[in-house]
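Letters A, B, ... mirror the listed sequences (proteins, then strands); counts begin at 1.
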Number of protein chains: 2
Amino acid sequence: MAETSLGAKIRKLREKKQYTLEKLADLTSSSKSYIWELENKAPPRPSAEKISKIAEKLGVTVEYLLDDQAIITVGDAADARFYRKYQQMNDKTKAKIRSFVDLWDEDDDG
Amino acid sequence: MAETSLGAKIRKLREKKQYTLEKLADLTSSSKSYIWELENKAPPRPSAEKISKIAEKLGVTVEYLLDDQAIITVGDAADARFYRKYQQMNDKTKAKIRSFVDLWDEDDDG
DNA sequence: TTATTACGTTCAGAACTCTGAACTTTAAGT
DNA sequence: ACTTAAAGTTCAGAGTTCTGAACGTAATAA
């Protein structure tokens, strides 16, 4: 089957989160058959709305999902991605990161 | 005519860059009639590919164009404080924190 | 074996995107 | 006024997205 870059990314992220096709479909107001198509059929051209919800639930940016090349994320996009990731962590981890960043901030920030 | 949030953002950014419909269409492999529809007709549901190119040429993220709400909805006051702090740091520090958090995520996510 | 359950796969077709070409408007020049 | 050009607007229809429902497969249990 034609394996696209987008499809491979979605499947990898979905499996890492242990979501079934149906689970991810529910989270993103999609059908499981469509999620399956995105992962397995070429060439998908999903709507921005779909890919935006999918990116959100998988904890990445739209840019990351769509860009064929590896991207060097700078500026706002990187910040958005970072924050999305942070939000999805559990409270204990969040607290650890915050106190860690507080220390870093003292020394380094200008 | 129905004025959507997405349409308004695209027009504002396009006019700020002094692009005509045709110019933006050329830059994004679209037709000018379609760019016009995005700006003026409701409800647009453009493909991820289109909106990605448009965001790129207008110098914003896909998330900024699509999210109806304020960019980030904060669940928790501590998160909000943390993110404000993070945003004010310099790029090098931000990058360090991000890669640090990426590592943390590997262990912890599930 | 025969349920049952959970997950993945296939496909017809309604609904929608997006284009090309024609048309209208606005503005500047003579 | 008339011409020309540049920008915006409209629309039919080819082609695509996306869903719902049916089907396939594998695992577990009685």
- Message: At 4.0 Å (heavy atoms only), tell me whether S29(B) reaches a base, stays on the sugar-phosphate, or touches nothing.
- Response: sugar-phosphate
- Note on the structure: In whole angstroms, the gap separating C1' of dT19(C) from CG of L38(B) amounts to 13 Å
- Message: Under 4.0 Å, heavy atoms only, any strand: does S31(B) hit a base, just the sugar-phosphate, or nothing?
- Response: base
- Task: Classify the nucleic acid contact of T20(B) as base, sugar-phosphate or nothing, counting any heavy atom under 4.0 Å across all strands shown.
- Result: sugar-phosphate
- Query: Side-chain N or O of K50(B) less than 4.0 angstrom from OP1 or OP2 on dT19(C)?
  - Reply: yes
- Can you check whether S31(A)'s main-chain N or O pairs, donor with acceptor, with S33(A)'s side chain at less than 3.5 Å? no
- Message: Within the structure provided, determine whether R14(B) and L21(B) are in side-chain contact (heavy-atom separation under 4.5 Å).
- Response: yes
- Looking only at side-chain N and O atoms, does R45(A) come under 4.0 Å of OP1 or OP2 in dC18(C)? yes
- Message: So L38(A) and K50(A), do their side chains get closer than 4.5 Å, heavy atoms only?
- Response: no
- Quickly work out the W36(A) CH2 to dG8(C) C1' distance and round it to whole Å. 9 Å
- Item | Polar pair under 3.5 Å, donor/acceptor by atom type, side chain S33(B), base dG20(C) | yes
- Roughly how many Å is it from CD in E39(B) to C1' in dA7(D), rounded to a whole number? 12 Å
- Query: Do any side-chain nitrogens or oxygens of R14(B) fall under 4.0 Å of OP1 or OP2 in dG8(D)?
  - Reply: yes
- Query: What is the distance, rounded to the nearest whole Å, between atom CD of E22(B) and atom P of dA6(D)?
  - Reply: 10 Å
- Item | Polar side-chain atom of K32(A) near backbone of K23(A) as donor-acceptor pair, under 3.5 Å | no
- Note on the structure: Heavy-atom nearest nucleotide on DNA chain C taken for K32(B) and for E37(B); more 5' hit belongs to E37(B)
- Item | Donor-acceptor pair, side chain of E63(A) and main chain of V62(B), under 3.5 angstrom | yes
- Message: dC18(D), OP1 or OP2 - any side-chain N/O from S47(A) closer than 4.0 Å?
- Response: yes
- Query: Can you check the L21(B) CG to dT10(D) P distance for me, whole Å?
  - Reply: 12 Å
- Message: Whole angstroms only, please: what is the OH-P distance between Y34(B) and dC11(D)?
- Response: 18 Å
- Message: Whole angstroms only, please: what is the CD-P distance between E15(A) and dC7(C)?
- Response: 13 Å
- Query: Taking CD1 from I10(A) and C1' from dG8(C), how many angstroms apart are they, rounded to a whole number?
  - Reply: 16 Å
